[in-house]
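Structure first, commentary second.
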Amino acid sequence: MGKTILKVSHVGMKFNLSKEKVDNIKEFVIKLLKRELHYNEFWALKDISFDVEQGDRVGVLGLNGAGKSTLLKIISGVFKPTEGEITVEGKIVPLLELGAGFDRQYTGGENIFLYGTVLGYSRDFLKEKYDEIVEFSGLGDFIDVPIKNYSSGMRARLGFSIATIVDPEILILDEVLSVGDRKFKKKSLKKIQSMMKSNVTVLFVSHNTDQIREICNKAILLEHGKLIAKGEVNEVCDYYEKLIEEEYDIDELPKKLRKKRRQKQKQQQQQG
Amino acid sequence: MSNVYIQKFISYRHLMIELVKKGIKLKYRRSYLGILWSLIEPLLTMAVLTVVFTRLLGRDAKGLNIPFALYILIGRLMYSYFSSGTKTAMRSIRANAPMIKKVYVPKYLYPLSSTLYTYVIFLISLIDLFGAAVVMGVKPSWYMLQAIIPLVLIFFLTFGIGMILTTVDVFFRDVEYIWEVVSMLIMYTSAIFYTTNRFKGWMLNIFKFNPLYRLIEGFRDAFSGQPMHPYGMLYAALFSLAVVLFGFFVFYKKQDNFILHI
């Protein structure tokens with residue numbers, strides 16, 4: 001197969017869950033003196049290792065709170081892992097939070113340059129692609145209006161149009177196939193599909209195993225911060241489905257999860 | 001190793017430029033005179049301060065080789081850059097929290113771009129100084145070229161302090177209020193609208209140990225047609241360098257924890 005483009009080795013991420021946010025000196029000193037300044041350690045991810053080869057389309061499965069978003073944020077560089085290492089070759093475009101680099105006071109056009117440079121494109125390149133971005137976003141004259149007056153759909157459309165202006169080497173999708181109205185959704189889905197044809201590597205997060213089976217060729221499964229399965233997409237999806245059915249009745253799932261979480265919180269409080 | 005950092009910096013230069021532009025644009029957006037305010041405001045405050053400190057308080061300005069109004073203008077311009085530069089840099093990490101949480105960008109770009117955009121505004125406002133110097137009949141001399149040294153140093157001093165402040169600010173917001181008071185102290189120990197002639201002994205030393213005062217003094221010397229204090233400038237240079245190094249040190253030490261606190 002192709003060369004390894006993303007290598008995740010023994011990655012762990014620890015968070016300190018303090019019960020309240022201590023962000024001023026008074027509270028800090030008081031808590032320090034009263035010896036209340038202990039944190040609950042919480043490993044969102046523990047010892048995650050996997051390789052992704054060029055052209056692989058990897059589905060990331062797991063229940064809420066399994067650590068999927070944390071993993072993607074580590075891969076895209078927002079979080080630095082507490083332990084372990086990530087090596088990436090090539091350009092990552094995370095379609096996680098579209099328009100994260102937008103400034104609300106800036107107009108749409110100004111934001112193209114701002115967000116575009118955040119993603120690492122040069123100004124000249126953006127100038128060249130400006131019309132294409134505006135056209136794809138379908139914003140028309142609204143491009144000269146400050147972003148704060150945009151609807152959330154318009155903002156997401158602009159974000160998507162800027163982020164996908166070049167074909168990246170690695171594309172990270174976090175259930176973003178639901179951007180904007182139906183017309184735009186169709187357009188963006190088409191764009192993503194055309195990207196996938198061009199040997200791009202994809203990391204795709206979803207709860208929907210049907211969608212994952214359709215798009216991906218490989219998958220990994222996370223639970224409580226641990227990697228419990230990786231491999232061929234159908235095997236992992238089958239395993240995931242079986243796991244859910246075995247452990248929980250589908251209808252009972254939300255209730256049971258809530259109960260579990262409550263128990264966990266209790267335990268943590270007792271420990272703390 | 002350092003090569004990697006330089007490469008990274010070069011690859012993010014476009015964003016750097018965008019962030020500097022954004023700072024300047026947004027500062028003057030929705031004002032009719034826009035960037036002209038960076039020229040008008042210093043002149044107006046110079047006028048007010050000069051009237052207050054010469055006419056009303058009868059402070060004399062003997063022994064100065066430059067007009068007192070120019071003396072005040074230099075002090076005011078330098079101090080207000082230092083003060084606004086450190087304050088915007090201090091808030092830069094918290095202000096950009098939404099962005100930091102979602103996309104990866106080298107984090108020092110935020111304090112750096114804040115210090116830079118205030119610096120650009122400061123440089124523009126220097127036009128006032130040259131205008132005022134011409135109007136007040138200051139003779140041009142080669143000594144004026146010395147002004148470049150304090151101009152460069154004040155940037156590093158501001159950037160270094162900004163890096164330290166923004167690191168602390170992530171963990172303790174209190175620093176914003178503390179710095180408000182401290183920068184007022186720095187203002188009064190920078191001799192902006194009075195001369196240090198009246199002070200002796202330890203009180204004079206307070207001025208001498210204030211690097212910002214040393215930079216202002218050097219700038220004034222350049223416009224007075226006289227050489228700068230070599231030791232004073234050396235002290236300010238070493239101080240600025242130390243502050244930048246220390247700033248980078250604490251920033252790099254703590255930057256991976258920022259995300260957990262903003």
Side-chain angles (χ1 to χ4, degrees), chain A residues 13-18 21-29 39 44 69-70 72-82 88 91-107 110-127 146 159 163 174, chain B residues 4 7-31 92-107 109-110 113 117 167-179 252-262:
Chain A
M13 185 76 202
K14 185 178 79 177
F15 289 104
N16 286 327
L17 298 177
S18 52
K21 214 171 176 183
V22 179
D23 60 2
N24 65 66
I25 294 174
K26 190 186 104 197
E27 263 177 54
F28 182 79
V29 172
Y39 301 102
S69 297
T70 309
L72 293 190
K73 281 194 169 177
I74 290 175
I75 291 172
S76 59
V78 175
F79 284 144
K80 179 156 183 170
T82 318
V88 183
K91 178 164 183 52
I92 295 188
V93 166
L95 295 188
L96 297 178
E97 315 239 8
L98 292 167
F102 283 168
D103 189 284
R104 287 171 47 78
Q105 297 186 62
Y106 256 24
T107 67
E110 286 169 319
N111 268 307
I112 290 181
F113 290 103
L114 185 63
Y115 187 46
T117 48
V118 165
L119 294 174
Y121 306 138
S122 79
R123 199 182 158 78
D124 289 338
F125 177 79
L126 289 165
K127 248 184 211 158
D174 191 356
Chain B
V4 179
Q7 265 177 18
K8 218 172 190 182
F9 179 73
I10 290 170
S11 71
Y12 275 101
R13 69 187 186 283
H14 297 289
L15 174 61
M16 186 75 232
I17 296 166
E18 276 307 313
L19 288 175
V20 170
K21 260 196 217 156
K22 183 177 114 178
I24 298 169
K25 266 191 193 169
L26 292 184
K27 183 166 172 157
Y28 293 108
R29 182 152 288 186
R30 288 184 188 285
S31 66
S92 61
I93 294 291
R94 285 219 298 121
N96 287 297
M99 200 148 142
I100 294 171
K101 278 182 191 164
K102 287 161 193 161
V103 275
Y104 171 76
V105 165
K107 291 184 191 62
L109 283 186
Y110 299 109
S113 66
Y117 93 72
T167 309
V168 179
D169 191 41
V170 172
F171 302 99
F172 299 108
R173 308 278 149 82
D174 309 59
V175 75
E176 292 184 11
Y177 304 98
I178 297 169
W179 187 246
Y252 267 83
K253 202 120 199 179
K254 288 286 170 198
Q255 64 170 351
D256 293 331
N257 288 333
F258 286 175
I259 188 126
L260 308 174
H261 291 265
I262 48 179

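Here is the naming used below: chain letters follow the sequence lines, and residue numbers restart at 1 for every chain.
- The CG atom of A:L114 sits 6.0 Å away from atom CG of B:L19, with the distance rounded to the nearest 0.5 Å.
- A:R123 pairs by the salt bridge (charged side-chain N to carboxylate O under 4.0 Å, His left out) definition with B:E18, not counting sequence neighbours.
- Taken from CG in A:D124 to NE2 in B:H14, the straight-line distance is 7.0 Å, to the nearest 0.5 Å.
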A:Y106 vs B:R29, side-chain contact (heavy atoms from CB on, under 4.5 Å): CA-CA, chis, key distance, verdict: CA-CA 10 Å; A:Y106 256 24; B:R29 182 152 288 186; 4.1 Å; yes
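- Between chain B and the residues A:V118, A:L119, A:L126, the largest count of heavy-atom pairs under 4.5 Å involves A:V118.
- Using a 4.5 Å cut-off between heavy atoms, B:K21 touches chain A through backbone and side chain atoms alike.
- Here the closest heavy-atom approach between residue B:I259 and residue A:V78 is recorded as CD1-CG1, 3.3 Å.
- Each salt bridge (charged side-chain N to carboxylate O under 4.0 Å, His left out) pair with one or both residues in residues 253-262 of chain B, not counting sequence neighbours, appears once here: A:K80-B:D256.
- If you measure heavy-atom distances from B:I100 to chain A, the contacts under 4.5 Å come from the backbone alone.
- How far CG of B:L260 is from NZ of A:K14: 10.5 Å, rounded to the nearest 0.5 Å.
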